[in-house]
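Residue numbers begin at 1 in each chain, while the letters A, B, ... track the order of the sequences.
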2 protein chains.
Amino acid sequence: MRKKVAELAGVSEATVSRVLSGGGAVKEETARRVLEAAQQLNYVPSALAQRFALRKSGNLGVILPMLPKVNLFSTYYFSEVLSGIGMTAKQRGYDLLLLFREPHEPRDYANLFRTQKIDGCIIVGAQDTPSEREALAELKQGHYPFCLVNQRFEGEAYNSVDADQRTGSIDAVRHLVSQGCTRICFLNGPSEYSNSEDRLLGYRQALEEAGLSFLPERVLLGNYSRKSGYLQAKAVAALVREGRIDAVIAANDRMAIGLLQGLKELGIRVGEEIALIGCDDSDIVRMTDPPLTSIRVPFFEIGCEAASKLLDIVTNTEDAEAFAVKLPVKLIERASSSAEDAKKA
Amino acid sequence: MRKKVAELAGVSEATVSRVLSGGGAVKEETARRVLEAAQQLNYVPSALAQRFALRKSGNLGVILPMLPKVNLFSTYYFSEVLSGIGMTAKQRGYDLLLLFREPHEPRDYANLFRTQKIDGCIIVGAQDTPSEREALAELKQGHYPFCLVNQRFEGEAYNSVDADQRTGSIDAVRHLVSQGCTRICFLNGPSEYSNSEDRLLGYRQALEEAGLSFLPERVLLGNYSRKSGYLQAKAVAALVREGRIDAVIAANDRMAIGLLQGLKELGIRVGEEIALIGCDDSDIVRMTDPPLTSIRVPFFEIGCEAASKLLDIVTNTEDAEAFAVKLPVKLIERASSSAEDAKKA
DNA sequence: ATGAAAGCGCTAACAG
DNA sequence: CTGTTAGCGCTTTCAT
């Protein structure tokens, strides 16, 4: 095939290669003839062979947890991040290799590089567990380029792109305080996710700044699922009735929505008796009643940034800069956080 | 590397290859030595080189529309389908190559095969447009294995996996009729999607079976977005007030939810003055007020089935059976379709 | 059962 | 500028 193109154009196969992969210098006239011949014979070089010869897969790996039916992560989150990664990878000529990780499967990320399936990888939904740390350490040691998304590992300077969750919590608290709330509750997610800790940190800091005291009884725990939020409704309702809290910040929208439903069933009016703020500003917050105030996180941009920075490293070969990007978040006010009655109380 | 393994095991490189890729017959003792040597040297064969030698990419391509901010498709839909495909591909030793298609980019699917990036591909979110038909015809003509998901092309016998949307509509109508509804409205999506037509067909058929007449004024059109459902609220409200309809079936959940919100704003009580049924049973229908009756579509299973059947063809080389699978759907009853008042009226 | 050697389709020196 | 040639790391006849 390639040979026939060479013949038709009256050149050697090497020249065909040079023309079609933009490499070496070729006379314009020659290039034109080759291009024509290729067109005529409907020939395109095999990416597989090219990549083999170059010893580069041309693939950007994206590792994500297999989303089971009841997933802790929202489909919104993954769709946005993935779209951002995909768009960027495409622009830079990389293909996306999707790697689903079953929950309890060994995390042998390094093998993806050894087998030359990928040239770099982005890890989404990583957790701070021993096995994860081990897998990442192996990547680091092998000098395999990788990047974490929305996860930080204390004590390790891994490449990462994250949202400024801490400031998000601070904004949320300030907003509530400006609404007159003084007894703010925080419904957090599991500590395996650094975001959980970041959000809590922001919450505490903002309380302090506002001269409010931090009370352990005002910190609740869920697992980021809607159900876990729903299950906390009883506890929250009790606190509300006893006048011990006048607002809740949930660490993600799913829990906030579960909580909202639970409170509704218990006769507590969100947005009146109590203010509620979610986090992520996912597509569902506009569909609840009342609409949910939430912290918008630029997931799409996070994906773009992660892919972009990582591919810089993958391609630059040399001056590979490590990075730890933090993108700003933004509080989107809606009806759930007005808490008019609470203010008056 | 491979050479060192061969040395360490005291065999030739060919034997190393035979052992590590399970090919030819090797004495057990020899195999053990090779495996040990490989382990010791931390050697794994390069998938890139293997695939090149075998002239197979080992990749299953998944083509999906780039999800823009305001997407017609729900993230739920893609997540489920993709997870199903991913799980199945993984089980069968294939990697997933994700291919985002920008809306107005030329659809050169065949090139993915020519460049040997993929061995087969699944097309998600295809539309019945001339350019799409052209791209698919080229695939067909090149004997490139592919499979459509949730889309049918009239007059072409392409491999496909779909839900039985028609029966879904029939079930929905029957359910409404059993609730006492007799003036059922249908909010459909664009005709580029064969599912739209299928659902409408079922609607008409069920009306006929129930002895109800089909009225054009009872067929509304949206574009599957929440907004398009929202925008139809005024028209629907008017019909309700004039007593000309007592139920609405929306062709997907997003439109149903938009409609629900719009009706709520107009003071129409869904589940009382009018019954409402959505389609897809996506994760959001449990979060609305009232919860939405919806037609559950097994998206995950659709993904599994598509990947499984397609890979059968990709691997079998010979007795490649064409297929057109239709998976059953199931009506999930919730509060939005009780329409008690309408029944009495 | 194993080794030797050819070749997959392309890139990349190296000559000319 | 262009042709020649030697690999890239693996699979696979073909011998032995």
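The CZ atom of B:Phe52 sits 13 Å away from the P atom of C:dG7 (whole-angstrom rounding). One atom, NZ of B:Lys3, and another, P of C:dA5, lie 13 Å apart when rounded to the nearest Å. Distance CD (B:Glu13) to P (C:dA4): 10 Å, rounded to an integer number of Å.
A donor and an acceptor atom, one from each side chain of B:Glu134 and B:Tyr109, are nowhere located under 3.5 Å apart. A side-chain donor-acceptor contact under 3.5 Å links A:Gln151 and A:Ser194.
No donor-acceptor distance shorter than 3.5 angstrom exists from the side chain of B:Arg107 to the backbone of B:Glu132, with no hydrogens or angles considered. Between the side chain of A:Ser79 and the backbone N or O of A:Tyr76 there is no donor-acceptor pair closer than 3.5 Å. Side chain of A:Lys90 to backbone of B:Phe100: a donor-acceptor contact under 3.5 angstrom is found.
Between A:Ser17 and C:dC10 there is no side-chain polar atom (N or O) within less than 4.0 angstrom of OP1 or OP2. For B:Gln50, a side-chain nitrogen or oxygen approaches OP1 or OP2 of D:dT11 to under 4.0 Å. Residue A:Thr15 has a polar side-chain atom (N or O) positioned under 4.0 Å from OP1 or OP2 of D:dG3. In this model, the phosphate group of C:dC10 is approached by a side-chain N or O of A:Arg2 to a distance below 4.0 Å at OP1 or OP2. Distances shorter than 4.0 Å separate some side-chain N or O of B:Thr30 from OP1 or OP2 on C:dT2. Dashed line: the shortest gap from a side-chain N or O of A:Ser21 to OP1 or OP2 of C:dC10 is not under 4.0 Å.
Residues B:Asn59 and B:Arg51 share a closest heavy-atom pair of ND2-NH1, 3.7 Å.
B:Asp162 has no carboxylate O lying under 4.0 Å from a charged side-chain N of B:Arg152, or vice versa, which leaves the two without a salt bridge. Between B:Glu29 and B:Arg32, at least one side-chain nitrogen of the basic residue sits less than 4.0 Å from a carboxylate oxygen of the acidic one, meeting the salt-bridge criterion.
Summary of helix geometry: the two end axes of the helix from C:dA1-D:dT16 to C:dG16-D:dC1, each defined by five base pairs via their C1' atoms, are inclined to each other by 30° (rounded to 10°).
Looking at residues two or more places apart in sequence or on another chain, you find no ring-ring contact (aromatic ring centres under 6.0 Å, His included) involving B:Phe323.
Applying the 3.5 Å distance criterion, the base of D:dG3 shares a donor-acceptor pair with the side chain of A:Arg18. If you check distances only, the side chain of A:Arg51 never reaches the base of C:dG9 with a donor-acceptor pair under 3.5 Å.
Out of C:dA5, C:dC8, C:dA1, the shortest distance to the side chain of B:Ala14 is found at C:dA5.
Taken residue by residue, residues 33-49 of chain A places no heavy atom nearer than 4.0 Å to DNA chain D.
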